[in-house]
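Working notes, structure below.
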Amino acid sequence: MQTPASSPSRAAVGAVFGAGVVQGIALVTFPAAGAIFTSPQHYGLTSTQYGALFIPQAILAIASSLAGPKLAAKLGAKTVFLCGMAANLVSMGLLIASQFLTGNPSLAYPVLLVATSFMGLAFGLTVPVINTCAAAFFPKTADRALLALNTLLGLGTALAPAFVAVFVGLGFWWGLPVLVAALSAGLLVFSLPLAISAGAPSAEKSSAGLPAAFPAFAAAALLYGICETMNGNWASILMSTTLGNTPAASSLALTVFWGTVTGGRLLFASIDRWFPEDRVFRILPLVILASFCLTPLLPAKSPLPGLAAFALAGLGCSAMLPLLISFGQKQMPAIAASAAGLLIAFYQLGYGLAAFGVGPLESLLKLQLPHIYAATALPAIGLAVLAFSLARRQG
């Protein structure tokens with residue numbers, strides 16, 4: 001466990017919560033550019049190649065999420081935080097460089113793979129530590145602090161596809177990674193003199209092993225990762241390639257998804273007195289399930305139904321991950337300091353499965369993307385069952 005941090009400065013709070021926005025934009029930069037990566041006029045990647053881009057991201061995110069608590073205990077939360085911002089900067093630099101290599105796919109693709117590797121490293125280092133810092137900064141209102149932080153993370157994820165649409169309209173899609181690189185560098189420089197701490201770590205009861213509740217939390221994080229990623233990584237591909245909508249409508253679908261993720265977090269953080277977190281946690285997987293039942297029925301070349309379906313999916317996903325982390329820290333106090341990193345590692349495992357799995361399912365089993373969306377109702381059902389059980393323990 002961790003003892004509460006001493007009162008943080010406003011600048012330190014601003015850096016931690018600002019990192020949520022920056023990391024959100026950075027994380028969705030690659031999925032937001034999905035239509036660019038698969039376009040014959042740019043990178044010309046197949047669905048399998050596009051999905052494989054996210055394998056090193058998931059692997060590095062899992063590894064860094066698991067290593068993060070030990071690194072923070074040894075080097076300090078601030079060092080881990082700064083390394084995460086630096087990894088963002090490297091990732092965006094490589095993505096910018098790759099667009100000069102599109103005429104030589106044998107060079108461009110490896111550069112993209114290294115770029116997503118650094119993005120995984122950035123996410124795995126940054127997100128667990130800012131979640132832990134936010135909870136330590138506001139120990140009496142940790143649930144609300146985590147929802148607020150993840151609302152800002154969601155705001156960043158909503159902004160990324162909107163920025164892509166703007167930059168594509170201006171004729172240089174790579175303006176987004178330039179923007180993310182500038183924001184990461186600015187936050188890194190701003191944070192250098194600050195005291196960013198997650199509190200003084202106390203010894204965790206490692207000899208007793210993982211708590212009995214951990215497998216259920218880990219399974220819920222994995223299933224949630226699958227559900228979120230099917231929308232976050234494949235919405236624009238479904239809207240453009242499968243349903244024949246315009247690139248603008250496809251980017252808007254991703255913006256709507258992440259926008260309602262953000263709006264839902266704001267909503268549930270503001271009504272927690274009347275609508276408790278355990279009830280929200282039970283209901284949201286059912287909303288996700290409803291969206292996966294509707295998405296396969298979307299008509300071609302008609303963007304409005306698609307936008308509505310992805311808005312519903314975003315609402316369902318909104319508060320699941322921050323509440324999962326918050327509940328995990330409360331129900332597993334013996335590993336509270338590392339709970340965020342462990343759960344984000346399993347979330348990233350689900351991310352990797354959904355990001356890569358679509359391509360092989362399409363090529364080997366000849367499934368179309370709407371069919372795969374329909375099949376994702378099964379993980380949503382599993383998530384609903386686990387959420388009901390975990391929320392009951394919370395109450």
Side-chain angles (χ1 to χ4, degrees), residues 2 5 8 11-30 54 56-95 114-137 145-146 149-150 152-157 159-160 176-177 179-199 201 321-322 325 337-345 347-348 351-352:
Q2 290 178 315
V13 172
V16 166
F17 282 79
V21 179
V22 174
Q23 194 59 56
I25 300 174
L27 179 65
V28 182
T29 294
F30 289 93
F54 300 98
Q57 176 177 319
I59 292 173
L60 266 294
I62 291 169
S64 54
S65 295
L66 293 174
K70 292 182 179 179
L71 290 174
K74 185 176 182 179
L75 304 175
K78 177 180 173 179
T79 300
V80 175
F81 175 84
L82 294 176
C83 287
M85 288 299 105
N88 271 333
L89 194 55
V90 174
S91 176
M92 293 299 105
L94 290 169
L95 179 55
V114 179
T116 57
S117 299
F118 274 95
M119 179 50 56
L121 183 64
F123 183 86
L125 291 176
T126 303
V127 174
V129 78
I130 61 176
N131 272 275
T132 304
C133 285
F137 287 172
L146 290 176
L149 173 65
N150 283 273
L152 294 173
L153 184 68
L155 174 62
T157 59
L159 289 173
L176 177 58
L179 175 64
V180 175
L183 291 172
S184 299
L187 187 57
L188 195 155
V189 172
F190 175 77
S191 303
L192 280 174
L194 301 179
I196 298 175
S197 173
L321 187 59
I325 293 171
S338 55
L342 289 169
L343 293 178
I344 286 172
Y347 157 75
Q348 278 292 312
Y351 179 99

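The figures here come from the full heavy-atom set of this structure, side chains too, leaving out hydrogens, waters and symmetry mates.
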- request: Begin with the C-alpha distance, continue with both residues' side-chain angles, and end with the deciding distance and a verdict on side-chain contact (heavy atoms from CB on, under 4.5 Å) for N88 and L188.
  value: CA-CA 10 Å; N88 271 333; L188 195 155; over 6 Å; no

Please report the closest heavy-atom contact between [X] and [Y], naming both atoms and the distance.
| X | Y | value |
| --- | --- | --- |
| G68 | V80 | O-CG2, 4.3 Å |
| A115 | L94 | CB-CB, 3.7 Å |
| S191 | L187 | OG-O, 2.7 Å |
| G352 | A58 | CA-CB, 3.7 Å |
| P193 | V189 | CD-O, 3.6 Å |
| A134 | F17 | CB-CZ, 4.0 Å |

[atom1]/[X] to [atom2]/[Y] distance, rounded to the nearest 0.5 angstrom?
| X | Y | atom1 | atom2 | answer |
| --- | --- | --- | --- | --- |
| S64 | I59 | OG | CD1 | 11.5 Å |
| L27 | Y351 | CG | OH | 5.5 Å |
| I130 | L125 | CD1 | CG | 11.5 Å |
| M85 | L183 | CE | CG | 10.0 Å |
| L159 | L155 | CG | CG | 4.5 Å |
| L321 | I344 | CG | CD1 | 6.0 Å |

Donor-acceptor contacts, no H, no angles, side chain residues 71-78, under 3.5 Å, sequence neighbours left out:
{"unit_1": "K78", "atom_1": "NZ", "unit_2": "L192", "atom_2": "O", "d": "2.2"}
{"unit_1": "K78", "atom_1": "NZ", "unit_2": "L194", "atom_2": "O", "d": "2.8"}

Check whether any side-chain N or O of [X] sits under 3.5 Å from a backbone N or O of [Y] as a donor-acceptor pair, and report yes or no.
| X | Y | value |
| --- | --- | --- |
| S117 | Q57 | no |
| S91 | A87 | no |
| T126 | F123 | no |

field: Within 6.0 Å of CZ in F30, more than 12 heavy atoms from elsewhere
entry: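 Yes.
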
Indicate yes or no: at least one non-hydrogen side-chain atom of [X] is less than 4.5 angstrom from one of [Y].
| X | Y | answer |
| --- | --- | --- |
| L149 | P322 | no |
| L66 | L342 | yes |
| V127 | N131 | yes |
| I25 | L176 | yes |
| F118 | L95 | no |

